Participant: 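Before anything else, here's the structure in question.
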Number of protein chains: 2
Amino acid sequence: MLRKVDKHSGIPAYLQIVNMIKSEILLGNLQKGSQLPSIRDLQVIFDVNINTVIKALEKLKTEGYIESEQGIGYFIKKDIDVEESVIKIIRECVTKLKNSRIDYHTSMLIFEEVWKNE
Amino acid sequence: MLRKVDKHSGIPAYLQIVNMIKSEILLGNLQKGSQLPSIRDLQVIFDVNINTVIKALEKLKTEGYIESEQGIGYFIKKDIDVEESVIKIIRECVTKLKNSRIDYHTSMLIFEEVWKNE
DNA sequence: TATACTGTTATATTATTATATAACAGTATA
DNA sequence: TATACTGTTATATAATAATATAACAGTATA
C-alpha cells in the first residue's frame, strides 16, 4: 500500500506521500486511531529525505487527517466517511478500463477532463 | 476546454498545461492537424509566463503530440486513438460519482489507489 | 518594403522542492 | 539510570519551477 515515491512523475514527492496516506485512510486500509510507521521508517518506505516525510505529515496534520504525540508517533485521526458505494463504483470502472487495456495515465487524463467539463 | 492553471494545486503549471492539451487531443476536442492558439495567446489563456507555455509545448513536442513551424504556429500532430467505449465507461463513472456528491479530489485519490493496488 | 503576426533563444531573479546532516526533546523499558 | 526508540527543529546546499524581460528570426500580407 505505502510505496516508493515516483521521482520522475513531476509531482512533488511530499504531495505523492500526502495523497498515498490520504487514500489509504479513505479506503479504510489505515484505520482510525492506528499508528503510522515512524518518520524514519517512512523515510525508507517512500525513499525520500526525512524532511520530505515531515513536510507531508505536517500537511496531513493541518488537514486534520493525522495527529502526533512527541516521542510516541503519528496516529490516524479520523477516517473521513467514504460511502462504500462510491468505492464500488470506482472499482467497477477501474476493472472495465483495465479490461480495455487502456493505460493508467491516459485514463486519469480523460477522467480529469470529463469531470471538469461535463 | 483550455483554462487557467490552478496555482494552488501543487502540480507544476507546465505539467497542468501538458495534461490539459493531451486530454483535449485524446477526447477529440483538438483535432489532428489543427492549429493551437499562439504562444502569446496561450500565455493569457493559462495565465502563466511565456516560458512556462514554451516548456509545456516543448514537452508535448518531445512526446510527439504536436509539432511547430517557425513563424507559423503549433499544430496537433497525431490523435492517439482512444476507443469511444473507454470514454463512455469513464463518462458513466463520473456521472455516478457526481450523483454521489463525492468531490473531485477524493475521487481521484481513490481512483489512483484502486488502480495501483487491485 | 514595412508591419504585424508567428516561434525561438537568452539572461537574471525569485520561490519552491528536496537533500544531507546535526542536534534537541519526549517516551518507554531493560 | 542508561539506552533506544519516538517526534521536533534547524542550517546549509542543490535542483527545479516560474517569473520578468528582452531580443532574434521566420511568415504572411497590406
Side-chain angles (χ1 to χ4, degrees), chain A residues 2-22 25 30-31 33-78, chain B residues 2-22 25 30-31 33-78:
Chain A
L2 299 182
R3 57 184 180 277
K4 269 201 176 74
V5 149
D6 179 358
K7 301 198 174 183
H8 303 290
S9 73
I11 312 294
Y14 84 96
L15 273 183
Q16 292 184 47
I17 294 172
V18 166
N19 289 339
M20 236 184 283
I21 293 178
K22 259 192 206 174
I25 296 173
L30 288 175
Q31 292 187 328
S34 70
Q35 185 170 6
L36 283 173
S38 77
I39 291 181
R40 290 168 183 82
D41 282 349
L42 289 174
Q43 179 180 357
V44 175
I45 292 173
F46 295 128
D47 191 27
V48 295
N49 186 268
I50 188 171
N51 297 317
T52 305
V53 173
I54 292 172
K55 187 170 184 178
L57 294 179
E58 284 308 306
K59 189 163 166 60
L60 285 164
K61 235 163 85 173
T62 303
E63 294 185 18
Y65 282 87
I66 62 177
E67 59 193 344
S68 64
E69 289 182 53
Q70 248 284 41
I72 304 183
Y74 281 91
F75 298 87
I76 309 300
K77 199 171 165 190
K78 58 180 178 190
Chain B
L2 298 183
R3 57 186 178 274
K4 269 200 176 75
V5 149
D6 179 358
K7 300 198 176 184
H8 304 291
S9 73
I11 312 293
Y14 84 97
L15 273 184
Q16 292 185 46
I17 295 172
V18 165
N19 288 339
M20 235 184 283
I21 293 178
K22 260 191 206 174
I25 296 173
L30 288 174
Q31 293 187 327
S34 69
Q35 185 170 6
L36 283 173
S38 77
I39 290 181
R40 288 167 185 83
D41 282 349
L42 290 175
Q43 177 181 358
V44 175
I45 293 173
F46 295 127
D47 191 27
V48 294
N49 186 268
I50 189 171
N51 297 316
T52 305
V53 174
I54 292 172
K55 188 171 184 178
L57 294 179
E58 284 307 308
K59 188 161 167 59
L60 285 164
K61 234 164 85 174
T62 303
E63 295 185 17
Y65 282 86
I66 62 177
E67 59 193 343
S68 64
E69 289 183 52
Q70 248 285 43
I72 303 183
Y74 280 90
F75 298 86
I76 310 299
K77 201 171 162 189
K78 60 180 178 191

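If you're wondering where the values come from, they're calculated on a predicted model, not measured in any experiment. Chain letters run A, B, ... following the sequence lines, proteins first, then strands; residues in each count from 1.
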Participant: If you pin A:Ala13 and A:Ile50 to their nearest nucleotides in DNA chain C, which one's is more 5'?
Facilitator: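 The residue mapped nearer the 5' terminus is A:Ala13.
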Participant: Could you please spell out the steps behind the side chain to side chain contact (heavy atoms under 4.5 Å, CB included) verdict for A:Asn49 and A:Val53?
Facilitator: CA-CA 7 Å; A:Asn49 186 268; A:Val53 173; over 6 Å; no
Participant: Could you let me know what D:dA10 is paired to, Watson-Crick or G-U wobble, both distances under 3.5 Å, or none if it's on its own?
Facilitator: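 For D:dA10, the partner nucleotide comes out as C:dT21, under the 3.5 Å rule.
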Participant: Mind calculating the distance between CD1 (B:Ile11) and P (D:dT16) to the nearest angstrom?
Facilitator: 18 Å
Participant: For D:dT16, which nucleotide is its Watson-Crick or G-U wobble mate, given both distances must be under 3.5 Å?
Facilitator: C:dA15
Participant: Do any side-chain nitrogens or oxygens of A:Lys55 fall under 4.0 Å of OP1 or OP2 in C:dT17?
Facilitator: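 For C:dT17, OP1 or OP2 has a side-chain N or O of A:Lys55 closer than 4.0 Å.
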Participant: Roughly how many Å is it from CG in B:Leu15 to C1' in D:dA17, rounded to a whole number?
Facilitator: 10 Å
Participant: For B:Leu57, which contact category applies under a 4.0 Å heavy-atom criterion: base, sugar-phosphate, or nothing?
Facilitator: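 No contact.
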Participant: By the 4.0 Å heavy-atom rule, please label B:Ile72 as base, sugar-phosphate, or nothing.
Facilitator: sugar-phosphate
Participant: Which whole-number value in Å describes the distance from B:Ile39 CD1 to D:dT19 C1'?
Facilitator: 16 Å
Participant: Roughly how many Å is it from CD in B:Glu69 to C1' in D:dA25, rounded to a whole number?
Facilitator: 15 Å
Participant: Measuring to OP1 and OP2 of C:dT8, would you say a side-chain N or O of B:Tyr74 lies under 4.0 angstrom away?
Facilitator: yes
Participant: In whole angstrom, give the distance that lies between atom NZ of A:Lys59 and atom P of C:dT17.
Facilitator: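 In whole Å, C:dT17 P lies 10 Å from A:Lys59 NZ.
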Participant: In whole angstrom, give the distance that lies between atom CG of B:Asn51 and atom C1' of D:dA17.
Facilitator: 11 Å
Participant: What is the pairing partner of D:dG26, taking Watson-Crick or G-U wobble pairs with both distances under 3.5 Å in any strand?
Facilitator: C:dC5
Participant: Specify the residue among A:Gly10 and A:Ile54 whose closest nucleotide of DNA chain D lies further upstream toward the 5′ end.
Facilitator: A:Ile54
Participant: OP1 or OP2 of D:dT8 sitting under 4.0 Å from any side-chain N/O of A:Ser68?
Facilitator: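 For D:dT8, OP1 or OP2 has a side-chain N or O of A:Ser68 closer than 4.0 Å.
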Participant: Considering only side-chain heavy atoms of B:Thr52, which listed nucleotide, C:dT8, D:dA10, D:dT19, is closest?
Facilitator: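 The nucleotide sitting nearest to the side chain is D:dT19.
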Participant: OP1 or OP2 of D:dA17 versus the side-chain N and O atoms of B:Lys7: is any pair under 4.0 Å?
Facilitator: no
Participant: Quick one: does A:Leu36's side chain get under 4.5 Å of A:Leu30's, heavy atoms only?
Facilitator: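 Sidechains of A:Leu30 and A:Leu36: in contact.
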Participant: Using heavy atoms to find the nearest nucleotide of DNA chain C for A:Pro12 and A:Gln43 separately, return the residue whose nucleotide is more 5′.
Facilitator: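 It is A:Pro12, whose closest nucleotide lies nearer the 5' terminus.
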Participant: Without decimals, in angstroms, what is the distance between A:Ile17 CD1 and C:dT19 C1'?
Facilitator: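 Taking CD1 of A:Ile17 and C1' of C:dT19, I get 13 Å after rounding.
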Participant: What's the closest nucleotide to the side chain of B:Gln70 if the choices are C:dT19, C:dA18, C:dG7?
Facilitator: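 Selected nucleotide: C:dG7.
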Participant: Which atom pair, heavy atoms only, marks the closest approach of B:Ser9 to B:Gln16?
Facilitator: OG-NE2, 3.0 Å
Participant: Ignoring hydrogens and geometry, is there a side-chain-to-backbone donor-acceptor pair from B:Thr62 to B:Glu58 under 3.5 Å?
Facilitator: yes
Participant: Ignoring hydrogens and geometry beyond distance, is the side chain of B:Asn49 in donor-acceptor contact with the base of D:dA17 at under 3.5 Å?
Facilitator: no
Participant: What's the closest nucleotide to the A:Arg40 side chain, out of C:dT8, C:dT21, D:dT6?
Facilitator: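 Comparing C:dT8, C:dT21, D:dT6 against the side chain of A:Arg40, the answer is D:dT6.
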Participant: Can you tell me if NZ on B:Lys61 sees more than 12 non-hydrogen neighbours from other groups inside 6.0 Å?
Facilitator: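 Yes.
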Participant: Measure across B:Val5 and B:Ile17 and return the closest heavy-atom pair with its distance rounded to 0.1 Å.
Facilitator: CG2-CG1, 3.7 Å
Participant: Using whole Å, what does the distance between atom P of nucleotide D:dT16 and atom NE2 of A:His8 come to?
Facilitator: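 Whole-Å distance recorded here is 11 Å.
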